[in-house]
*Asks:* 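Before I ask anything, let me first share the structure, which is written out below as C-alpha cells.
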Amino acid sequence: MMFGLRFDGTQDQPCVAAESERTMTDTATGGPGLPQERRIVTSIPGPKSQALLARKQAAVSDGIGAVLPVFIAAAGGGVLVDVDNNSLIDLGAGIAVVNVGNAAPAVVAAIQKQAALFTHTCFMVTPYEGYVAVAEALNRLTPGTHAKKTALFNSGAEAIENAVKIARYATKRQAVVVFEHGYHGRTNLTMALTAKSMPYKYGFGPFAGEIYRMPLSYPFRWPGGAENSGPEALAETINKIEKEIGADQVAAILIEPIAGEGGFIVPGAGFLPGLADVAAANGIVFIADEVQTGFARTGEMFACDHEGVVPDIIATAKGVAGGMPLAAVTGRAEIMDSVHVGGLGGTYGGNPVACAAALGALETIEEQDLVGKARRINEIMMPRLLDMQTKYPVIGDVRGRGAMLAMELVKPGTLEPATDVIASVTKYCHQEGVLLLTAGTYGNVLRFLPPLAMPEHLLEEALSVLDKAFSAAG
Ligand code: PLZ
C-alpha cells in the first residue's frame with residue numbers, strides 16, 4: 001500500500017497507522033505552528049527517506065545531488081520535519097530562500113487566494129496587478145532614491161542573464177567584468193560568469209565570451225594581509241580593466257556584495273564603493289548580484305546598504321517570494337527602459353502566484369522587522385562562533401554579516417583546506433538533527449543561513465551541537 005502526500009499536504013491514512021505515521025498527520029501542516037524542537041526518532045536518513053531515496057536514484061538524474069537525503073514532509077519556523085517524523089533544525093533556509101520561514105502564514109494565504117483566482121495568463125499577453133505591485137515594492141526597497149524600474153523572471157540565473165543583456169544593450173558595449181570566487185548561476189552565460197569549475201562548469205563548455213575575471217578582495221587569504229585586500233584588489237582590478245579590456249569597452253561590472261557559494265567572503269572595506277566609483281566614472285553599469293544576500297539576510301535589506309553602495313542594477317531572487325520561484329532585475333529607469341519593447345520577457349516571469357507570495361513575503365519582512373531579526377541572530381551566533389574559534393584551531397576564520405555567517409576550516413596555522421574536518425563536522429550535525437550547508441572555492445567553508453524566523457532557543461541548541469561536532473572531530 002502506498003501512502004502519498006495529497007495536494008493539500010495531508011497524508012493518506014493507512015488502516016493501521018504505525019506510531020510515526022500517526023504523528024505525521026499532526027505535522028502535515030507546516031509553518032511556524034510546527035513544534036519548534038529538534039527531534040531525532042530514527043537514523044538519519046530514516047527508513048522512509050531511504051525508500052524515497054531509492055526511488056530518487058531510480059527516477060531522477062544523477063546530476064541532481066542532495067546535501068542530506070531526508071525527505072521533507074513539512075517545515076516552518078526553524079525546523080524541517082521529515083517523512084520519518086524527525087525534526088531538524090534548519091540552518092540552510094533552502095539556500096537563503098525562506099528568510100520569512102517556511103510556509104510563512106502571509107505567504108501561504110496569498111498563494112492560496114491567488115491560486116484560486118487565476119494561476120497564469122503570461123504578463124506579456126494580459127497583465128495583472130500583482131506583478132506591478134511587486135515591481136513597485138522592489139523599486140522602493142532597493143538601494144538608492146533615483147527613479148527605478150523592474151522586470152521579473154523565474155530564477156536567479158535568469159535575472160543575472162537579463163541584467164547583463166540590459167547592461168550590454170544600454171551601453172552598446174560587450175565586456176563584462178566578474179570576480180574570482182563569484183557565483184551567478186548554471187545557465188550558459190551564468191556558468192561563464194561563475195568562477196568555480198567543479199561542479200558548476202566542468203564538462204559543460206563552451207562558455208560565452210567577453211567575460212573578464214578580476215581578483216576579489218578576500219581578506220582571510222589575501223597575500224598582502226587582510227587589511228590591504230580591499231585597496232590592493234581594487235587597484236589590480238582597475239589596472240586590468242584599463243590594460244586588458246579598455247574601460248570604455250566594459251558594459252558591466254558584476255559582483256556579489258558578499259560572495260555566497262564562494263564562501264561568504266566579505267570584501268575588505270572600500271572595495272565595493274571603489275568598484276562602484278570606477279563604474280560611474282567610465283559609463284559602466286554596476287550590477288549587484290544580491291540573489292543570496294538580499295531581503296534582510298545580512299542585517300540590512302540589501303548587502304550593498306552596509307557600505308552605502310547604490311548599484312545601477314540589482315538582481316534579486318531567493319528571499320523575494322518566500323519559496324516560490326521569482327527573480328527580479330531592478331535598475332535605473334533610463335537603463336531598464338533602454339531596451340526595445342518586447343526585448344525582455346518569458347512565459348512565466350512574474351507568475352501571478354509567485355507575485356502574490358512575494359507580496360506576502362515582503363510584507364512579512366517589513367512588518368516583522370526581519371532586518372532586526374537578522375541582527376539579533378548575529379548577536380547570538382557571532383560570540384559563540386568566535387568562542388569556538390578560540391577552542392578549535394581548525395577554525396581559521398569566522399566571518400559574515402547579519403544572519404549570513406560562515407567559518408573557514410584550515411589545517412591549523414595554514415591556509416590549507418581542512419576538508420576532512422568539514423566532512424566530519426557536517427556529518428555529525430546532520431546525524432544530530434542540524435542541517436548545515438557548506439560552501440567555498442576550496443569546499444572548506446561551513447555556512448549558516450538560518451531562516452530569520454528561527455526561534456532563539458533552537459539557534460542556541462544548533463550552536464551547541466556544532467560545538468560538540470568540533471570537539472568530536474578532535
Ligand atoms: N547568484 C549570488 O547565490 C544561487 C545555487 C545552488 P538560481 N545560489 C544557490 C546551486 O548549487 O545551484 C545564486 C546565487 C547568486 C545567482 C544564483 C543563481 O540563482 O535561482 O539558482 O538560478
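We count ligands from 1, going down the list as the structure has it; atoms in each ligand are counted the same way. We're numbering straight along the sequence, starting at 1.
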*Asks:* What is the closest protein heavy atom to atom 3 (O) of ligand 1, and at what distance does it sit?
*Replies:* Gln292 NE2, 2.8 Å
*Asks:* Show the atoms of ligand 1 that are less than 4.0 angstrom away from any heavy atom in Ile95.
*Replies:*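 Answer for ligand 1: 6 (C), 9 (C).
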*Asks:* Report yes if the side chains of Pro215 and Lys240 come closer than 4.5 Å at any heavy-atom pair, otherwise no.
*Replies:* yes
*Asks:* Under the 6.0 Å and 45° cation-pi test, does Lys172 pair with Tyr169?
*Replies:*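 The answer is yes; both the distance and angle limits are met.
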*Asks:* Answer yes when Arg447 and Glu261 have at least one side-chain N-carboxylate O distance shorter than 4.0 Å, and no when they do not.
*Replies:*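 Result for this pair is yes, salt bridge flagged.
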*Asks:* Is atom 21 (O) of ligand 1 close to the protein, meaning a heavy atom under 4.0 Å from it?
*Replies:*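 There is no protein heavy atom less than 4.0 Å from atom 21 (O) of ligand 1.
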*Asks:* Could you identify the single nearest non-hydrogen protein atom to atom 8 (N) of ligand 1 and state the distance to 0.1 Å?
*Replies:*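 Of every protein heavy atom, Lys318 NZ, 3.1 Å lies nearest to atom 8 (N) of ligand 1.
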*Asks:* Tell me whether Arg38 contacts the main-chain N or O of Glu432 through its side chain, where contact means a donor paired with an acceptor under 3.5 Å.
*Replies:* yes
*Asks:* Decide whether an N or O pair under 3.5 Å exists between Gly185 and ligand 1.
*Replies:*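 No, there is no polar N/O contact under 3.5 Å.
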*Asks:* For atom 2 (C) of ligand 1, grab the closest protein heavy atom and report residue, atom and distance to one decimal in Å.
*Replies:*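 Result for atom 2 (C) of ligand 1: Glu256 OE1, 3.2 Å.
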*Asks:* What's the shortest distance from atom 1 (N) of ligand 1 to any protein heavy atom, and which residue and atom give it?
*Replies:*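 So the nearest neighbour among protein heavy atoms is Asp289 OD2, 2.7 Å.
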*Asks:* Sub-3.5 Å donor-acceptor pair from the side chain of Asn99 to the main-chain atoms of Phe295, do we have one?
*Replies:* yes
*Asks:* Which protein non-hydrogen atom lies closest to atom 18 (C) of ligand 1, naming both residue and atom, and how far is it?
*Replies:*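 Looking only at protein heavy atoms, the one closest to atom 18 (C) of ligand 1 is Ala157 N, 3.6 Å.
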*Asks:* Step by step, work out the salt bridge (charged side-chain N to carboxylate O under 4.0 Å, His left out) result for Arg221 and Glu408.
*Replies:* CA-CA 11 Å; Arg221 287 180 177 273; Glu408 181 159 353; 2.7 Å; yes
*Asks:* Should we say atom OH of Tyr212 is surrounded by more than 12 heavy atoms from elsewhere, each under 6.0 Å from it?
*Replies:* yes
*Asks:* Ligand 1 versus Arg186, non-hydrogen atoms closer than 4.0 Å: side chain, backbone, both, neither?
*Replies:*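 Contact part for Arg186 vs ligand 1: side chain (C-beta onward).
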*Asks:* For atom 13 (C) of ligand 1, grab the closest protein heavy atom and report residue, atom and distance to one decimal in Å.
*Replies:*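 Scanning the protein heavy atoms, the shortest distance from atom 13 (C) of ligand 1 goes to Tyr183 CE2, 3.5 Å.
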*Asks:* Apply salt bridge (charged side-chain N to carboxylate O under 4.0 Å, His left out) to Lys196 and Glu180, showing your working.
*Replies:* CA-CA 8 Å; Lys196 191 174 173 181; Glu180 286 169 358; over 6 Å; no
*Asks:* Which bit of Ser155 is near ligand 1, meaning a heavy atom under 4.0 Å away: side chain, backbone, both or neither?
*Replies:*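 Under 4.0 Å from ligand 1, Ser155 contributes backbone and side-chain atoms.
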*Asks:* Could you identify the single nearest non-hydrogen protein atom to atom 7 (P) of ligand 1 and state the distance to 0.1 Å?
*Replies:* Gly156 N, 3.4 Å
